[in-house]
Protein chains: 2
Amino acid sequence: MARPARLSGAGGRATILDVAAAAGVSRQTVTRAVNDLPGISVATRQRVLAAAEALDYRPSRFGRGLVSGGAHQLGLLVDDLRNPYSPELAASVLRLAAARGWTVVLADVGLTGDSDRSVQDLGAQSDVVIGYLGARAPEWLERLGSVPVVELDPAGPALRGAVRLDPSEAVETLADHLVTVGVKHPLVLDAPSAAVGAGQPSARGQLLLDALRRRGYLPRHVLAGAASADAGAAGTSAALAAHRRVDAVLAFNDVMALGALAACRRAGVDVPERVRVVGIDGLTLGTLVAPTLTTLAVDLDEVARHAVDLALGMLDGSLPRSGDAVQRVVRHRLLVRESA
Amino acid sequence: MARPARLSGAGGRATILDVAAAAGVSRQTVTRAVNDLPGISVATRQRVLAAAEALDYRPSRFGRGLVSGGAHQLGLLVDDLRNPYSPELAASVLRLAAARGWTVVLADVGLTGDSDRSVQDLGAQSDVVIGYLGARAPEWLERLGSVPVVELDPAGPALRGAVRLDPSEAVETLADHLVTVGVKHPLVLDAPSAAVGAGQPSARGQLLLDALRRRGYLPRHVLAGAASADAGAAGTSAALAAHRRVDAVLAFNDVMALGALAACRRAGVDVPERVRVVGIDGLTLGTLVAPTLTTLAVDLDEVARHAVDLALGMLDGSLPRSGDAVQRVVRHRLLVRESA
DNA sequence: CTGAAAGCGCTTACAG
DNA sequence: CTGAAAGCGCTTACAG
């Protein structure tokens, strides 16, 4: 099905003028036919539509957007869709965006080889960007260009808008809970963090350790090789073998906690009877396993709501592009399920 | 931080002419400064950038795209990001798209209230659309407009390009496997399907039942209330209680199989010792639980590769917009892990 | 180093 | 019912 020869558009694509010529009408009439506008005879409309079809005509979104404004496009930057955290957040953002009639461009910096390019393209296609920048925030903000940005869970000081996650209160509640249920020898199953020195506890890990120590515990600290289920399982297996008295595993996140759960099962260690397991994040995933996972949950709907709110304000100029006025905090809270 | 008063752009947004006026230069000079082009003095560049900053100038992606073509934008339509199947597919598509320098607009019809609108907006913003249309394919193709479409796992006959999933061979392999390991009383844990009558087995379910019967089994068929983990767990619990001899649960998908796994654990039924559990899809999720999930896996990277391939061909005119030339088939294959 | 001209593809008034 | 004109915001030659 080769295309007719002479087309004016770039890339050999037909433009409205090609259709007009083929149908023997003006471009305005093509617009009327293609956009279902009134003021055109049935016969003409049919002739135009036939010509459009034959030329495989598709209106340029740029031409259209230029004149009619076009829908807002929200850029969403996630770290790795294969990690269940990202899609849950994306789902929340998508829902809010769709409710406003915005479209969402998605870029994944954990997935693509050339993440710099992805970030740059995202900035070019978006009216506003929401997402995780992590340790490379300064560099990537540069690449995003001049769009307003709402950073989620920023690793450092907030350079633009920001929604911060704060687990500190929930960590205290969790520590109290562990005391109450009689835990004696807790273990913090930590993940490496780019923000601290190698071998050091992550910010979350430190929070957990401090809360436990304040209650008289002498918590063990295990630094897994990565924030993955496999690494969580390996770390747990080793720790259970080396320290028989461990009776609670507090993981850096839910995915690692799932690994801990699997390791316990393989070691024939009952959860929560002999060892309690706790994650952080509150992923739906934690409700699909048995025992269901106790976790410090963050309400991603709330995170998304704040982020979109801030983005909106920055976009319409009612909020500045950085500073305290574009900062929000969302606190984790303890979700006691079966595993602890 | 209120904006300066008189701005020519729509929505009060500054245009290149506003910046030019503020900096006392021509629009070409603004382009040079903003796009880091050569042929501009340092002093002028700084003055222009300052003016741009002060006016909160952001170049219109429409204006830019119109003249320089702009990156291709791929529309991806998923059903529900909260279902782990969607993000795994999205991850594969995103990776391929990014490698080509395309951006991806994502719409989720299972999530948004006004899915019709989402579909329509997606069509308007995309050069090509890949995705699940399900039972509403005819209607939604209409809404997508004239963009090329590659439908994934179409429910009916392919109306445009299509990547079909074919579990039939893997189902036979699975049935043989069950015979080999000594399963006697298998149960098909099915999900409701819009394509068949209420209470009827889904296409997948029928495939499983047929393969089992051909091997002399008298398989039970349980239709869960939904294709969810909870429904899978409920269906499994009820079946285990009613039919003590059931020694294998073949679920409609992995998520339901996870529910079956949880139900077995709660009932104190060992997997795979007493009951074997099998899912369909091959989600990563199945490797995070213990026992790991045996499943009929479909390679989503392969699905994505075919889909992007077809999309590309339809876009550049080397492939027609529908018909056998734009159909691909991806087969499931049995992935034996711990649960069966 | 800087600016005047042309044009990307479309839609929105307006005139016939 | 149909078409000539103007303009959306930008960049790419080209001229000075």
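Keep in mind that the numbers below use all heavy atoms, side chains included, and drop hydrogens, waters and symmetry copies. Being a predicted model, the structure only gives us computed values, none of them experimental. So that the names make sense, note that chain A is the first sequence line, chain B the second, and so on, each numbered from 1.
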The residue, Arg32(B) or Ser60(B), whose nearest nucleotide of DNA chain D is more 5′ is Ser60(B)
May I have the distance from [X] (atom [atom1]) to [N] (atom [atom2]), rounded to whole angstrom?
X	N	atom1	atom2	value
Arg64(B)	dC8(D)	CZ	C1'	16 Å
Leu37(B)	dC10(D)	CG	P	14 Å
Leu17(B)	dG3(C)	CG	P	13 Å
Asn35(B)	dC10(D)	CG	P	10 Å
Arg47(A)	dG3(D)	CZ	C1'	14 Å
Arg61(A)	dG9(D)	CZ	P	18 Å
Asp18(A)	dG9(C)	CG	C1'	11 Å

Is [X] salt-bridged to [Y], cutoff N-O under 4.0 Å?
X	Y	value
Asp127(B)	Arg58(A)	no
Asp108(A)	Arg82(A)	no
Asp18(A)	Arg13(A)	no
Glu302(B)	Arg328(B)	no
Arg305(B)	Asp299(B)	no

Winner on side-chain proximity to Ser41(B), out of dC1(C), dG9(D), dT11(C), is dC1(C)
message = Any donor-acceptor pair under 3.5 Å linking the side-chain atoms of Gln73(B) with those of Thr103(B)?
response =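 Yes.
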Does Ser26(A) make a side-chain N or O approach to OP1 or OP2 of dG3(D) shorter than 4.0 Å? yes
- Item | Thr29(B) side-chain N/O to dG3(C) phosphate OP1/OP2 under 4.0 Å |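 For dG3(C), OP1/OP2 do have a side-chain N/O of Thr29(B) under 4.0 Å.
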Shortest non-hydrogen contact from Ala71(A) to Arg61(B)?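 Here Ala71(A) and Arg61(B) meet closest at O-NH2, 3.3 Å.
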- Item | Complement of dA13(D), any strand, by Watson-Crick or G-U distances under 3.5 angstrom |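 No nucleotide pairs with dA13(D).
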- Does dA4(D) have a Watson-Crick or wobble mate here (both distances under 3.5 Å), and if so which one?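 Its partner is none (no Watson-Crick or G-U wobble pair with both distances under 3.5 Å).
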Can you pull every protein N or O that's under 3.5 Å from an N or O on nucleotides 5-7 of chain C?
from: dA5(C); atom 1: N6; to: Gln28(B); atom 2: NE2; distance (Å): 3.1

request  = Could you tell me whether Ile16(A) contacts a base, only the sugar-phosphate backbone, or nothing, with contacts defined as non-hydrogen atoms closer than 4.0 Å?
outcome  = base
